[in-house]
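Before any comments, here is the structure.
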4 protein chains.
Amino acid sequence: MRVKDDIKRDAIIGATISLVNEIGFAASSVSKIAKRADVSPATIYIYFKNKEDLLVSTYVNIKVSMANIILREFDHTMPVRDAIFLAGKRLYTYINGHSELFAFAEQFGNSPYTDLVDKAEIEAPFKPMYELIQHGIEQKIIKDVPFELLFAHLYLPIFNLVNPRLHPNFEVTPEIVETSMHMAWDAIKL
Amino acid sequence: MRVKDDIKRDAIIGATISLVNEIGFAASSVSKIAKRADVSPATIYIYFKNKEDLLVSTYVNIKVSMANIILREFDHTMPVRDAIFLAGKRLYTYINGHSELFAFAEQFGNSPYTDLVDKAEIEAPFKPMYELIQHGIEQKIIKDVPFELLFAHLYLPIFNLVNPRLHPNFEVTPEIVETSMHMAWDAIKL
Amino acid sequence: MRVKDDIKRDAIIGATISLVNEIGFAASSVSKIAKRADVSPATIYIYFKNKEDLLVSTYVNIKVSMANIILREFDHTMPVRDAIFLAGKRLYTYINGHSELFAFAEQFGNSPYTDLVDKAEIEAPFKPMYELIQHGIEQKIIKDVPFELLFAHLYLPIFNLVNPRLHPNFEVTPEIVETSMHMAWDAIKL
Amino acid sequence: MRVKDDIKRDAIIGATISLVNEIGFAASSVSKIAKRADVSPATIYIYFKNKEDLLVSTYVNIKVSMANIILREFDHTMPVRDAIFLAGKRLYTYINGHSELFAFAEQFGNSPYTDLVDKAEIEAPFKPMYELIQHGIEQKIIKDVPFELLFAHLYLPIFNLVNPRLHPNFEVTPEIVETSMHMAWDAIKL
DNA sequence: GATGAATGAGCCTTCATTCAT
DNA sequence: GATGAATGAAGGCTCATTCAT
């Protein structure tokens, strides 16, 4: 028998990402994705249970890989401030180098499909970040407020500004990121 | 007779909002909206050019009314900091009192439909806000960085945290808003 | 090795019968049958030319085995009336003991697939029955009318009443069968 | 607005009947039916809730009309035997004159769709027949056995023989019907 | 012989929109 | 202005069958 082909699976995921970015979430039908992946619609159902599974899997894949790239070799002994700035820079680098993946994730993150995602699976890779923040709070370096608030102020602005759909005329440069990180730090530092 | 028309138009818009919040953007078809508005599908095409027009109009309506409520009687002589905190509080009040409108706007704002919106029309009512910030910069009270950065740090965190889809287990209280505004102020103040 | 083959073939036929009885004729797809038989879809095409062949073969198998059981040791010297009653009782016994096979055959017998069956192959095993009837006619015990008419009056009522789809609230007991055979005999006897 | 068109409804039902008779139940898809009725597939869903509803409605229509034709002006004072023979003749006439309707009903009656039919609705029009039989039993003219048995012996043979799928080489003539009715009467009479 | 991957065709149904009244 | 009927196109998905191993 033929063997399941990772190349084919990747082609399907790739087609999904590029198509969703191009024509939007709602307009991306299974048969269009299949056509772009140069595959029969039926083949998609060999690799994924259904359309929902395809989209969710694609999203989770992206999110996990993003976390791994941003938080790789995260040093617990590094000063909190330095670690946070480092993560910010890496986030920017990631987005710049994988703009398609990022754009897809943003679109997905605000669609109703998000409800179907296992949140725990996505948040797990960010655990080192949580620990870092916790450490900062204990050292009285960071404000003692809910995590959600700290994260929102830290990285949401960049996530938002970098989105071309939301800010078509605003280009995020490394300098902008640097500035944003400084502002964020002012927001969360004690 | 005008009155009758407006009632019907409002019924359609109302049905659109509640349906989208209930079953999501993609599943909200014209005929379902028509049924909920107790109107024929064909009637919708009398008041709106097409589905896209209906959704965009609904969105713009909401955005404009939101700006008006938040920025009403905005006093230019008020200290910058006080004005910004006031806007934050009003934003929270608005979201709490019009959760359906807000939820629709958030869903719309991240759909591909956003591309079809005339950005200028939406941003116009926020002009007083721009002027206030500009004033703060000139007075050396606020950091001299792009507007987009300032706005992103000011209000995005709350917009994000208040979204139940994104934070199903996090409740935003007036205290949280107060805290967030303080953090935001730390971020943007010079 | 032959044994292994036959086991697999029987597994496929068994899966076909049970699945058709469970979810109906139309819903019984080749891949579902394969799954139930614990076999690859492709394997089915080794033992049967196609789906049609699978179904028809299953049907013919059942029909032939049914005839053999009902008419085994059929004694030509036995009085016509006794032989006919005996066949009736055996028919009932068969149906009770092989309700799955019978149910499948009934469903198949009224589907368009029937057209594909070689009628001669199915009717051949019933030859002793034909001869018996013929004998009865010659002896002026049975009405001299077309065979089809005689058979229809003899056994159709039981076939029909025993079908749970057609008579969900009617239970056929040995007494009912006895009664039906008496009525049938009244119908065909001279 | 346009008005719902009984002609169109009838065209759909007619197309359903002729197509099912031609290519069988399973192969009769909604789009093929639509094409034959010279109508869009979507139009079918205006007149019927779904495919199942279309088929069931068609069947019930046929069954009810059949009963009405066979049992019209059924005279309660007529001798039981005469009434039964009359019904038999009318049944034959009906089948001859509406062979398409009859063929559809037979195919439907043995499909899994039958489970979806409200049995009461179909049996109601046959009530006069029930009463006649009941009358015959009370007068000690007919055997005192369950109704189902009596009906099965009375009309099943003809229903079966007249079915060209089951008996492609057997032609039912008025004489055959007459003979069958005589046999049936012998079966049920006391 | 046996397998699971792979497929184009087709399934039922709903869509956004227009037509006729 | 308002309606419900009407539609071609497209939706997600499964089918019977064949391919490559």
Side-chain angles (χ1 to χ4, degrees), chain A residues 1-5 8-9 12 26-35 38-55, chain B residues 1-2 4-5 8-9 26-35 38-55, chain C residues 1-2 4-5 8-9 26-35 38-55, chain D residues 1-5 8-9 12 26-35 38-55:
Chain A
M1 59 139 191
R2 298 187 199 167
V3 93
K4 227 183 206 165
D5 195 348
K8 199 156 277 181
R9 190 179 194 273
I12 293 169
S28 295
S29 69
V30 171
S31 64
K32 282 182 197 154
I33 292 172
K35 199 161 286 167
D38 208 22
V39 144
S40 161
T43 303
I44 290 183
Y45 290 86
I46 293 171
Y47 292 88
F48 303 93
K49 229 178 63 210
N50 49 33
K51 188 189 182 184
E52 171 187 316
D53 183 32
L54 164 60
L55 296 173
Chain B
M1 185 168 55
R2 266 295 178 83
K4 199 177 166 195
D5 295 353
K8 203 155 272 184
R9 191 178 192 275
S28 295
S29 69
V30 172
S31 59
K32 281 180 194 158
I33 292 172
K35 198 162 286 166
D38 211 20
V39 144
S40 163
T43 304
I44 290 183
Y45 288 83
I46 294 171
Y47 291 92
F48 303 92
K49 226 178 69 208
N50 50 30
K51 187 187 183 184
E52 174 188 312
D53 182 32
L54 164 60
L55 295 172
Chain C
M1 185 168 50
R2 265 299 179 83
K4 200 178 165 196
D5 294 355
K8 202 154 273 186
R9 192 179 192 275
S28 295
S29 69
V30 172
S31 59
K32 282 181 193 157
I33 291 172
K35 198 162 286 167
D38 210 20
V39 143
S40 163
T43 304
I44 289 183
Y45 288 84
I46 293 170
Y47 291 90
F48 303 93
K49 225 179 66 211
N50 51 30
K51 188 188 183 184
E52 172 187 315
D53 182 32
L54 165 60
L55 295 173
Chain D
M1 58 142 197
R2 299 187 199 168
V3 93
K4 229 182 202 162
D5 194 348
K8 197 155 279 182
R9 191 178 193 273
I12 294 169
S28 295
S29 69
V30 171
S31 64
K32 283 182 196 154
I33 291 172
K35 200 161 285 168
D38 207 21
V39 145
S40 161
T43 304
I44 290 183
Y45 289 83
I46 293 171
Y47 292 89
F48 303 93
K49 228 178 64 209
N50 49 32
K51 188 188 183 184
E52 172 187 316
D53 183 32
L54 166 60
L55 294 173

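Residue numbers begin at 1 in each chain, while the letters A, B, ... track the order of the sequences.
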Nearest-nucleotide check on DNA chain F, D:K8 vs C:S40; residue mapping nearer the 5' end is D:K8
Give each protein N/O atom lying under 3.5 Å from an N/O atom of nucleotides 10-13 of chain E, with the pair distance.
{"residue": "E:dC11", "atom": "OP1", "partner": "D:S29", "partner atom": "OG", "Å": "2.9"}
{"residue": "E:dC11", "atom": "OP2", "partner": "D:S31", "partner atom": "OG", "Å": "3.4"}
{"residue": "E:dC12", "atom": "OP1", "partner": "D:K51", "partner atom": "NZ", "Å": "2.5"}
{"residue": "E:dC12", "atom": "OP2", "partner": "D:V30", "partner atom": "N", "Å": "2.7"}
{"residue": "E:dT13", "atom": "OP2", "partner": "D:Y45", "partner atom": "OH", "Å": "2.5"}
{"residue": "E:dT13", "atom": "OP2", "partner": "D:K51", "partner atom": "N", "Å": "2.9"}
{"residue": "E:dT13", "atom": "O5'", "partner": "D:Y45", "partner atom": "OH", "Å": "3.3"}

Any idea which of E:dA6, E:dA2, F:dT3 is nearest the C:Y47 side chain?
E:dA2
Name the nucleic acid region contacted by B:F48, choosing base, sugar-phosphate or nothing; use a 4.0 angstrom heavy-atom cut-off, strictly under.
nothing
Taking CD1 from B:I46 and P from E:dT17, how many angstroms apart are they, rounded to a whole number?
15 Å
Take the protein atom CG of A:L55 and the nucleotide atom C1' of F:dG11, then report the distance between them rounded to whole Å.
14 Å
Grab the two heavy atoms, one from C:Y47 and one from C:R9, that are nearest each other, plus how far apart they are.
CD2-CB, 3.9 Å
Would you confirm whether B:K32, through its side chain, and B:A27, through its main-chain N or O, come within 3.5 Å as a donor-acceptor pair?
yes
Nearest heavy atoms of B:I44 and B:V30, plus distance in Å
CD1-O, 3.8 Å
Toss me the dot-bracket line for DNA chain F: Watson-Crick and G-U wobble, both under 3.5 Å, 5' to 3', using | for pairs to another strand and [ ] for crossers.
.||||||||||||||||||||
Check the distance between F:dT14's P and A:D53's CG and give it to me in whole angstrom.
12 Å
Between B:I44 (CD1) and F:dG1 (C1'), how many Å, whole number?
15 Å
What is the distance, rounded to the nearest whole Å, between atom CZ of D:R9 and atom P of F:dA6?
13 Å
Would you name the heavy atoms of A:A34 and A:S40 that are closest together and state the gap between them?
CB-C, 3.9 Å
Using 0.5 Å steps for rounding, measure from the CD1 atom of A:I46 to the CD1 atom of A:I12.
8.5 Å
Taking atom CG of C:D38 as the centre, report whether more than 12 heavy atoms of other residues, nucleotides or ligands fall under 6.0 Å from it.
no
Which heavy-atom pair separates A:F48 from A:D53 by the least distance, and what is that distance?
CA-OD2, 3.5 Å
